[in-house]
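The structure appears below as structure tokens.
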Amino acid sequence: MPEAAAAGPSGSGILVAFDGPESVLAWSAIDDAVMGGLSSSRLVFATEGHADFIGTVSLANNGGFASVRTLPGAYSAPGMLSVRLRVRGDGRRYRLNLRTDDAWDGVSYQAALVPPVGQWGEVVLPIGEFAPRYRGRAVLAPALDPGKIRRLGLMIADRQPGPFRLSIGWLRSEAAAPG
């Protein structure tokens, strides 16, 4: 299974590039089915050279979220000040999740991701926007340490039923403050 190239001491570099079919192999779905919901999702490689986070959100059985995340890997980026993503959206709000441990369940640092609708663009998420959450609820936890990132994830939990599609070209860490 592919491992991400660590950003290195400078804090800048590619975390994930969806440039081949193998680039999605380390990702798996964690949907509201874990609590009885009926939402579903997956991350698939598109032959145009990007990944698509696709699926359907269902509010049945108190559901309402779908997500994918990586297996634990080398995603640390000491000195990272922001995450830049090349994305194309569908008008819905997503979240980028960063985890600092290898556990299946635990604290996730989440930032809102609002991609451009119907066209490719870049979104910059400053590290300070990543808030600690546990099972969707805000929790008290230390600030995100970019040097300890072990998992990446994408989530939709906008309480809007129906199909969704978020296209992603790459995620990169940046040491320069967004401007």
Side-chain angles (χ1 to χ4, degrees), residues 1-31 40-57 65-102 108-127 129-130 144-157 163-179:
M1 132 190 28
E3 283 242 337
S10 72
S12 294
I14 294 291
L15 295 170
V16 175
F18 294 108
D19 53 4
E22 71 286 348
S23 63
V24 300
L25 296 178
W27 296 74
S28 60
I30 306 290
D31 300 322
S40 63
S41 69
R42 59 193 171 128
L43 189 72
V44 298
F45 179 71
T47 56
E48 297 84 12
H50 64 269
D52 286 322
F53 173 40
I54 58 173
T56 303
V57 172
F65 78 88
S67 70
V68 292
R69 67 180 178 195
T70 63
L71 294 170
Y75 300 103
S76 65
M80 177 171 64
L81 298 176
S82 62
V83 178
R84 181 180 295 267
L85 301 91
R86 179 159 171 73
V87 290
R88 178 179 60 200
D90 56 2
R92 297 182 72 168
R93 288 178 60 95
Y94 296 85
R95 297 179 194 168
L96 177 63
N97 298 336
L98 304 176
R99 301 268 315 259
T100 57
D101 61 36
D102 293 354
S108 171
Y109 293 85
Q110 298 181 354
L113 172 57
V114 183
V117 178
Q119 62 185 357
W120 286 99
E122 295 181 13
V123 175
V124 177
L125 303 174
I127 288 301
E129 290 184 11
F130 286 85
L144 172 63
D145 179 349
K148 295 182 178 179
I149 298 171
R150 297 286 299 152
R151 290 179 184 250
L152 309 174
L154 297 164
M155 173 181 271
I156 185 166
F164 64 86
R165 176 181 299 268
L166 172 66
S167 299
I168 312 104
W170 44 257
L171 290 84
R172 68 176 288 121
S173 63
E174 295 191 327

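Only heavy atoms go into these numbers, but all of them, side chains included; no hydrogens, no water, no symmetry mates.
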Cationic N near anionic O, under 4.0 Å, Asp102 to Arg150: yes
May I have the list of side-chain donor-acceptor pairs in residues 116-125 shorter than 3.5 Å, sequence neighbours left out?
unit_1: Glu122; atom_1: OE1; unit_2: Arg84; atom_2: NH1; d: 2.9

Determine the minimum heavy-atom distance between Val24 and Ala51, stating which atoms define it. CG1-CB, 4.0 Å
Where do Ala17 and Trp170 come nearest, in terms of heavy atoms and distance? CA-CB, 4.0 Å
Counting heavy atoms not belonging to Arg42, are there more than 12 under 6.0 Å from its CZ? no
Between Ile156 and Arg92, does a side-chain contact (heavy atoms from CB on, under 4.5 Å) hold up when you go through it step by step? CA-CA 8 Å; Ile156 185 166; Arg92 297 182 72 168; 3.4 Å; yes
Closest non-hydrogen atom pair between Ala29 and Val68, with its separation: CA-CG1, 4.0 Å
Is a side-chain donor or acceptor of Ser108 paired with a backbone partner of Arg99 at a separation under 3.5 angstrom? no
Interatomic spacing from OG1 in Thr100 to CD1 in Ile149 - rounded to 0.5 Å: 8.5 Å
As an exercise, state the distance from CG of Leu96 to OH of Tyr109, rounded to the nearest 0.5 Å. 14.0 Å
Looking at OG of Ser76 and NZ of Lys148, how far apart are the two atoms once the value is rounded to the nearest 0.5 Å? 11.0 Å
Could you measure the distance from the CG atom of Leu154 to the CD atom of Gln110? Nearest 0.5 Å is fine. 11.0 Å
How far apart are the closest heavy atoms of Tyr75 and Leu15, and which atoms are they? O-CD2, 3.5 Å
If you look at every heavy atom in Phe45 and Phe18, which pair is closest and at what distance? CE1-O, 3.7 Å
Considering all heavy atoms, the nearest Pro115-Gly89 contact: CG-CA, 3.6 Å
Backbone N or O of Ser67 within a donor-acceptor pair of the Ser41 side chain at under 3.5 Å? yes
Ring pair (Phe, Tyr, Trp, His ring centres under 6.0 Å) pairs touching residues 82-101, sequence neighbours excluded, are none
Mind checking what makes side-chain contact (heavy atoms from CB on, under 4.5 Å) contact with Ala112, not counting sequence neighbours? Arg93
Just how far is it from atom CD1 of Ile168 to atom CG of Asp52, taken to the nearest 0.5 Å? 7.0 Å
Separation between CG (Leu85) and CZ (Arg88), nearest 0.5 Å, reads 14.5 Å
Heavy-atom donor-acceptor pair, Arg151 side chain to Thr70 backbone, under 3.5 Å: yes
